[in-house]
Amino acid sequence: LAAVDAAGVTGCSGAPVVCQPLWTAPNDGATVRTTPAVSNGRVYTAILGGVNQLAVWDAAGVTGCHGSPTSCAPIIDAPNAWVGPWSPLVANGIVWAGGQAWDPTHIVGCPSCSPVWHTSFTTSGSAAITTGTLLVRDSAGTIHGYRP
């Protein structure tokens with residue numbers, strides 16, 4: 001996982017412009033498995049480090065970060081938050097991943113944290129949200145809608 005300046009200014013130079021990471025999350029035996037989701041200054045992703053789990057980083061690269069170049073550890077690492085190999089979705093104050101909804105303000109107590117709610121079936125693939133409805137697919141390919 002690496003964060004770069006989206007404007008192509010900080011840590012960037014040359015023609016064509018090449019940017020160095022503002023911060024990175026080292027491998028440490030775990031693999032970032034998904035496209036990150038960003039909300040309220042946090043980066044959410046699923047990692048594989050024995051089990052698929054939810055990990056959260058400080059998007060600014062401050063909390064849990066050190067050194068030069070800057071290296072960051074997750075500020076929340078929820079090993080009991082099985083999220084599958086799918087990208088998390090953050091909307092309406094909820095982090096959705098792997099058939100489970102997490103309140104990001106209450107997952108700090110992990111590894112003993114619990115989801116706010118979850119589906120009654122195994123989900124397959126990443127979720128989407130539209131007009132307040134969360135859309136998820138089950139393993140048979142049926143789309144289900146929820147109002148989180």
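Side-chain atoms are counted along with the backbone in the values below, which use heavy atoms only and exclude waters and symmetry mates. Predicted model, so just to flag it, every value in this text is computed and none were measured.
Looking at L89 and Y44, their side chains never come closer than 4.5 Å, going by heavy atoms from C-beta outward. No side-chain heavy atom of C19 sits less than 4.5 Å from a side-chain heavy atom of D5.
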Tabulate below the donor-acceptor pairs under 3.5 Å that side-chain atoms of residues 55-76 make, not counting sequence neighbours, or state none.
{"residue": "D58", "atom": "OD1", "partner": "A60", "partner atom": "N", "Å": "3.1"}
{"residue": "D58", "atom": "OD2", "partner": "V62", "partner atom": "N", "Å": "3.0"}
{"residue": "D58", "atom": "OD2", "partner": "T63", "partner atom": "N", "Å": "2.7"}

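With a 4.5 Å cut-off between side-chain heavy atoms of Ile, Leu, Val, Met, Phe, Trp and Tyr, the cluster of I143 takes in L135.
Atom CG of L22 sits about 7.5 Å away from atom SG of C12, to the nearest 0.5 Å.
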- Intermediate values then yes/no, side chain to side chain contact (heavy atoms under 4.5 Å, CB included), L134 and W96: CA-CA 9 Å; L134 177 70; W96 171 265; 3.4 Å; yes
- Task: Start with the C-alpha gap between D138 and H144, add the side-chain angles, then the distance that decides, and say whether side chain to side chain contact (heavy atoms under 4.5 Å, CB included) holds.
- Result: CA-CA 8 Å; D138 65 23; H144 301 266; 2.9 Å; yes
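Residues T133 and G145 come closest through the heavy atom pair CG2-CA, 3.9 Å. S39 approaches V90 most closely through the heavy-atom pair CB-CG1, 3.2 Å. Taking every heavy atom of both residues into account, L1 and P36 meet most closely at CD1-CG, 3.8 Å.
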